[in-house]
Amino acid sequence: MAAAQAVLDLEAEIVKWAADTEEDAGGVEQARELMRLLIARLGELAQTAARRSAGLPALVEPLVELRAELRGKGCYDVADALREAMARGGVSVEDTPTGPRWSVLS
């Protein structure tokens with residue numbers, strides 16, 4: 001995750017800065033406190049994303065079933081439009097020999 005790497009990079013810079021500073025007047029501690037706040041915010045964002053994705057199957061699975069019904073009735077244009085709309089929303093639908101399979105686009 002890019003955000004986690006950015007926090008790790010920031011921590012490395014703080015360590016280098018602290019080693020180069022003879023008198024920091026609290027600057028190193030301020031930088032570390034800011035980093036702790038960033039880590040806490042990153043955790044909050046991860047929890048929010050997890051809560052959102054937890055409800056995703058209840059939304060996506062009926063749409064995938066509807067798309068399968070449309071395909072079964074020969075309404076390929078509408079089924080393809082539904083798949084494209086889902087892709088714009090971040091969900092990929094793949095047709096397999098055992099039926100449709102969906103995943104979250106990264």
Side-chain angles (χ1 to χ4, degrees):
M1 175 179 219
Q5 186 59 51
V7 171
L8 293 172
D9 292 345
L10 175 61
E11 195 273 336
E13 288 301 317
I14 291 170
V15 169
K16 284 195 281 187
W17 179 54
D20 288 345
T21 304
E22 291 179 22
E23 294 181 35
D24 77 8
V28 171
E29 191 53 41
Q30 284 178 320
R32 286 194 170 126
E33 179 61 25
L34 178 59
M35 186 177 67
R36 285 190 281 278
L37 291 172
L38 290 172
I39 291 169
R41 181 66 179 132
L42 185 59
E44 290 170 6
L45 292 172
Q47 287 176 344
T48 299
R51 281 193 301 272
R52 285 182 184 159
S53 65
L56 200 54
L59 176 65
V60 172
E61 288 172 5
L63 293 172
V64 171
E65 290 172 14
L66 174 60
R67 183 177 171 275
E69 288 178 29
L70 290 167
R71 287 176 52 82
K73 294 178 181 177
C75 301
Y76 298 107
D77 291 346
V78 178
D80 289 346
L82 180 54
R83 179 171 56 186
E84 290 169 14
M86 292 172 70
R88 286 192 304 275
V91 175
S92 171
V93 179
E94 177 186 356
D95 294 314
T96 71
T98 59
R101 180 175 52 205
W102 67 273
S103 61
V104 177
L105 295 169
S106 50

Tell me whether Leu8 is reachable from Ile39 by hopping between hydrophobic residues (I, L, V, M, F, W, Y) whose side-chain heavy atoms are closer than 4.5 Å.
no
Distance (rounded to the nearest 0.5 Å) between Leu34 CG and Leu38 CG
4.5 Å
To check you understand the geometry: which heavy-atom pair defines the closest contact between Arg101 and Thr96, and what is its length?
NH2-CG2, 3.7 Å
Please find the pair of heavy atoms, one from Ala68 and one from Pro100, that lie closest to each other, and give the distance.
CB-CG, 4.4 Å
Sequence neighbours excluded - side-chain hydrogen bond (donor to acceptor under 3.5 Å, both in side chains) pairs with any residue from residues 67-76:
Arg67-Asp95
Please tell me if the side chains of Asp9 and Glu13 come closer than 4.5 Å, counting only heavy atoms from C-beta onward.
no
Which heavy atom in Ala79 sits nearest to a heavy atom in Leu70, and how many Å separate them?
CB-CB, 4.0 Å
Looking at Leu105 and Ala87, what are the two nearest heavy atoms and their distance?
CD1-O, 3.5 Å
Cluster overlap Val78 with Trp102, hydrophobic side-chain contacts below 4.5 Å
yes
Transitive ILVMFWY side-chain link Leu59 to Val91, under 4.5 Å:
no
Hydrophobic cluster membership, with links at side-chain heavy-atom distances under 4.5 Å among I/L/V/M/F/W/Y: are Leu45 and Met35 in one?
no
